[in-house]
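Structure record follows, encoded as structure tokens.
What you are looking at is a predicted structure, and each value in this text was computed from that prediction instead of being measured. FYI, the numbering just counts along the sequence from 1. Atoms within each ligand, like the ligands themselves, are counted from 1 in listed order.
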Amino acid sequence: MSKNEEAKNAGRRNFLRTSGVLGASGVLGATALAGCGSQNQDPPGTGSGTGTGTGSGTGGTPPETAPAGLNPHVEPGQLDEYYGFWSGGQSGEIRILGVPSMRELKRIPVFNRESATGHGATDWTKQVMGGMHVGDTHHVHLSYNDGTYDGRYIYVNDKANARLARVRCDVMEMDAMVEIPNSQGTHGIFPQRHRTGLVFCNSEFQIPTPNDGSVLDDPTQYYGLHTAVDGETMEVRWQVKVPGNMDLAATDYQGNYSFATCYNSERGVHLEEMMSAERDWLYVFNLAEIQRAVDAGQTIRIGSSPVPVVDATADTNPFVMRIPVAKSPHGVNIDPTGHYAVVAGKLSPTGTVVDITKIADAFAGRIEPRECVVAEPELGLGPLHTAFDGRGNAYTSIFIDSNITKWNIENAIRAHAGEQVEYIVNRCDVQYQVGHTNASMSETREADGRWLIALCKFSKDRFLNVGPHKPENDQLIDISGETMRLVHDGPTFSEPHDCVVVRADLIHPTSIQNREAARFRLYEQWAQEDGINLLEDSRIIRKGPQDVRIYMTSRAPNFALTEIPGIKTGDRVQIICTNQDDVEDLSHGFCLSRHDVCMVVNPRDTNSITFTAGAPGVYWYYCPWFCHALHLEMRGRFFVEPR
Ligand code: CUK
Ligand code: CUA
């Protein structure tokens, strides 16, 4: 960077500092523009082709105003440096994006029924999904070891039907799903960070406990539940019953605490009531005390649920501490040092910084819970979530102002202690109304301060108009420098709430199915029953007057069976299909005409689906995945006789 540019940038930073102060005092209109290079003014260094180098000086002549920065362009055939795991909102799925290219690499169906893979229709998925086919995923988090991702599992919530699911990272498919008992609105989730341990799930809605109709319109008897699910076995271990609701979740790095924001400490059931208090709470759960009570049997049961429940409804109790924080808090995020929890105010223009090292003293009664608060920075209107760069800065999404506000944590603490120090570094406008924000490795000890994603709820005019239902806009921001630099608009389908951005070297998926997921135990059990070798044998077995089981292998471009005779109309037919090909990217599938039956069978995979044979006639089945030059010929006839 030239001397000239440096001077210009320095001037701009000073301007931003000033505008930060203005913003904090509520003169927000004046600051709305500030300081982030937009892609219109500041195209990233073009043509450098280095993928990761600093953009400046590596190619072409960047416009004079272009700041140094990372190059977001990933050349065709080149790989991204990060996996982005996106929640898929009401679609019920998870999405994998490459970062920084923002290319969508894959969708992992979880709580939804999905036509291409057969998810939700195949035998095993039907079994674990319990007949439900909608989900509302908000939060995806990976399993941890020692404060960073261990590359084993992805956990995802379903707010709609109060469930938690897990995806195996080796094959990127859902392998477990559990219902969270006694609760509704499973929203914030977070796994422990010191090892694969518990995954905590917050219920956003308060309901009667038990919710059996004996209590209806009496909100004083509604409660929320903080649930611990074992991240290995996916069994519900315990629950803690609290007054008030719980929104977002977080965990410390040591395994001592889990956190939940509570925006409805009022326990209201209407909006005005929920908003009435000036302060709400950050709940801190004392995991050792809770475990002690569970081990000692000092628990209650709710209804017929076998899960032990710790009653923490008393104003003071050893299990849950309530730290008063700014009105209606939303996000709670732990900084990469593990020292601070940052709570965003939502209905207050402030954040609250909690010093986690003081919490033990507060639990012991040596200090008041409120004394754990070490800063209350004024950030802007509608702060929601906070990401970190590993260099002491925090990046908070500001919903109403539509920006990402970068601020320095230590400076905010010093300002809170009375020093005259500016903590706002600068702001970056986003388009528009940002919800979550997350940065590369931000939720780990290894936060690297390179890329930040702003998940904007509205795209309005940013893309070609596609009708009343617009895409959202997940924007990519380079945070490697002092000034944030918006470099990419990413339209997304409904409605990713959150994402995590994970260094690619931490994730090691296979290309050939390793047959280790839970569902294979089901197939093996059937095969054993019938004396079948799944990878070799094809056979039609009549199991009863109305029951047929078919084992069939496939190898490009053939099904082992090209005729399936002997089926009677109304038969319950189960087809168990195995792909013998162990060639990368060679998926087959099974689709039966006019039977609503379609599923994928990946290399060395097995999949199964059960259906009722339709009216007498001839039905073609075919491989629906393009697998070979003779893919269209990969088919057979299914003969249905009159009964
Ligand atoms: S969130 Cu789920 S309602 Cu901020 Cu994670 Cu929006
Ligand atoms: Cu096998 Cu197409």
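Near atom 5 (Cu) of ligand 1, less than 2.8 Å away, sit the protein N, O or S atoms H139 NE2, H436 NE2. Only protein N, O or S atoms were considered, and those under 2.8 Å from atom 2 (Cu) of ligand 2 are C623 SG, W625 O, C627 SG, H631 ND1.
Checked against a 6.0 Å centroid threshold, the rings of Y253 and Y144 do not count as neighbours.
Within the cation-pi definition used here (under 6.0 Å to the ring centroid, within 45° of the axis), K241 qualifies as a partner of Y223. With Y155 as the aromatic partner, R166 does not meet the cation-pi criteria of under 6.0 angstrom to the ring centre and within 45 degrees of the ring axis. A cation-pi arrangement is found for R322 relative to W281, the charged atom lying closer than 6.0 Å to the ring centre and inside a 45° cone about the ring normal. Judged by the 6.0 Å and 45° rule, R515 forms no cation-pi pair with Y523.
For K346, the salt bridge (charged side-chain N to carboxylate O under 4.0 Å, His left out) criterion is met by no residue, not counting sequence neighbours. Partners of K457 according to the salt bridge (charged side-chain N to carboxylate O under 4.0 Å, His left out) rule, which considers only residues two or more places apart in sequence or in another chain, are E472, E495.
The side chain to side chain contact (heavy atoms under 4.5 Å, CB included) test with L455 is passed by exactly one of H436, H497, H385: H436.
Taking the six-membered ring where tryptophan is involved, the planes of H187 and H138 are perpendicular, since the angle between them exceeds 60° and thus also 30°.
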